[in-house]
Amino acid sequence: MADKIRLTFLGTSSAIPTAKRNHPAILLDYKGEHILFDCGEGTQRQFRKARLNPCKVNRILISHWHADHILGIPGLLQTLGLQKYNQTIFIYGPRGTKKFMKRILDTFIFKEKYSIKIEEVQGKFFETDDFYLEAKSMTHGIPCNAYSFVVKDKLRIDKKKLSKSKIPSGPLISKLKQGKDVSYKGKKYKAKNLTYLEKGKKVSVVMDTSMNKKIVSFVKDSDLLICESSFDSNFKDKAKEYLHLTSEQAGQIAKKSKSKKLILIHISQRHEKDMESILNQAKREFKNVSIVKDLDDVEV
Ligand SMILES: [Zn+2]
Ligand SMILES: [Zn+2]
């Protein structure tokens with residue numbers, strides 16, 4: 001079984017937070033990686049409420065520099081310093097991120113006791129043997145990135161079949177895992193007969209954007225698509241004017257991209273009293289959809 005990806009929704013509101021919903025922030029935990037997607041105002045307190053340690057975060061992915069998505073950064077950085085954070089924090093974002101981060105760090109007395117690396121990213125921007133991170137620019141009037149976290153497909157050893165061959169653990173097994181055939185005690189073994197493919201996983205996060213041609217191909221085949229859904233379709237003109245998505249459009253994106261599951265976030269406060277209608281409009285397009293509350297978590 002592949003390792004689980006755990007997502008905690010620290011904030012799910014749009015521009016104006018409400019009593020129930022904090023500014024946007026989503027934490028993704030996977031095998032020692034703690035990746036924060038956006039960091040709205042009050043995010044560090046949301047960590048406390050969720051009983052999670054903010055000092056574990058090692059990457060922050062900023063979608064764009066509208067205030068609702070970034071106001072929590074200075075507070076979080078100060079707390080990391082006070083808590084003797086001792087690793088490098090990587091902050092990724094669209095064009096302009098270096099300039100905005102410099103301004104943030106110049107706004108208050110901040111003694112940098114740990115290393116902060118800031119990168120403006122597009123396309124695949126971080127990769128290990130196990131997973132990669134990818135960014136794609138969206139349309140929101142200012143530079144804005146959608147992101148995907150992709151765990152790669154892996155060849156796994158079929159232990160039952162392997163036990164008959166008696167191939168010892170070590171370099172031969174490593175070769176098999178790379179799909180290469182091996183010889184052992186004069187006998188040839190084909191990798192395809194001793195391994196099986198473990199499918200990877202994909203989680204995509206589409207924050208503020210209007211409908212555009214790039215979204216569907218970027219989030220294609222997501223196991224989980226987290227998508228902004230600022231308005232219901234009664235406000236579709238407003239959504240267009242302010243360069244946002246309706247829940248119906250989010251549903252269409254999930255359907256066209258053949259994603260498996262859709263979660264709606266970044267919902268305007270005007271819809272808070274009637275979440276059913278915003279959900280049902282998405283459901284007409286795509287069945288497996290839900291709206292999360294602050295502090296909900298989901299495993300993929
Ligand atoms: Zn926003
Ligand atoms: Zn925005």
Side-chain angles (χ1 to χ4, degrees), residues 7-28 35-46 60-76 91-97 99-101 103-104 120-122 135-148 203-212 214-215 218-219 225-233 235-250 253 262-272 275 278 282 291-296:
L7 292 131
T8 309
F9 293 85
L10 296 169
T12 60
S13 80
S14 65
I16 302 174
T18 70
K20 288 181 183 156
R21 290 178 185 270
N22 208 69
H23 270 170
I26 304 161
L27 181 70
L28 182 153
I35 300 171
L36 186 64
F37 292 87
D38 281 339
C39 186
E41 184 184 353
T43 296
Q44 59 167 328
R45 284 203 71 219
Q46 298 295 94
I60 303 177
L61 277 58
I62 303 297
S63 64
H64 65 302
W65 282 85
H66 277 155
D68 47 326
H69 298 259
I70 53 88
L71 284 176
I73 294 176
L76 180 63
I91 300 179
Y92 309 96
R95 194 160 35 85
T97 293
K99 173 185 76 186
F100 285 119
M101 276 306 301
R103 286 182 191 165
I104 280 189
E120 296 176 1
V121 294
Q122 206 48 227
K136 187 85 182 170
S137 64
M138 295 284 111
T139 50
H140 193 50
I142 57 169
C144 184
N145 282 345
Y147 292 104
S148 282
V203 175
S204 298
V205 180
V206 177
M207 283 292 185
D208 303 11
T209 183
S210 61
M211 195 60 153
N212 68 75
K214 292 181 275 183
I215 309 179
F218 182 65
V219 306
L225 168 61
I226 299 164
C227 190
E228 80 119 315
S229 175
S230 299
F231 299 102
D232 77 14
S233 25
F235 291 89
K236 65 169 185 272
D237 293 339
K238 237 189 179 62
K240 206 171 171 187
E241 186 187 342
Y242 292 110
L243 303 168
H244 279 291
L245 294 171
T246 63
S247 60
E248 186 183 13
Q249 288 173 321
I253 292 165
L262 169 65
I263 286 179
L264 305 177
I265 50 157
H266 197 278
I267 293 162
S268 167
Q269 57 166 348
R270 64 162 62 79
H271 296 304
E272 193 157 85
M275 288 291 188
I278 210 161
I291 295 178
V292 282
K293 300 190 297 295
D294 280 18
L295 311 185
D296 278 355

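Because only heavy atoms are used, hydrogens play no part in the values below, and waters and symmetry mates are left out as well, while side chains stay in. One-based numbering, in listed order, for ligands and for the atoms of each.
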* **Residue pair E272, R21: steps toward the salt bridge (Lys or Arg N to Asp or Glu O under 4.0 Å) verdict** => CA-CA 9 Å; E272 193 157 85; R21 290 178 185 270; 3.6 Å; yes
* Going by chain and residue number, what protein N/O/S atoms come nearer than 2.8 Å to the Zn ion (ligand 2)? -> H64 NE2, H66 ND1, H140 NE2, D208 OD2
* Asked: Only one of L76, L61, L28 clears side-chain contact (heavy atoms from CB on, under 4.5 Å) with L36; which?
  -> L76
* To do: Indicate the atoms forming the closest heavy-atom contact of H69 with D38, along with that distance.
  => ND1-OD2, 2.7 Å
* For the residue pair H66 and H23, is the inter-centroid distance of their aromatic rings smaller than 6.0 Å? -> no
* **Mutual orientation of the aromatic rings belonging to F231 and H271 [parallel < 30°, tilted 30-60°, perpendicular > 60°]** => perpendicular
* Asked: For the atom pair OG1 (T43) and CG (L71), what is the distance rounded to the nearest 0.5 Å?
  -> 9.0 Å
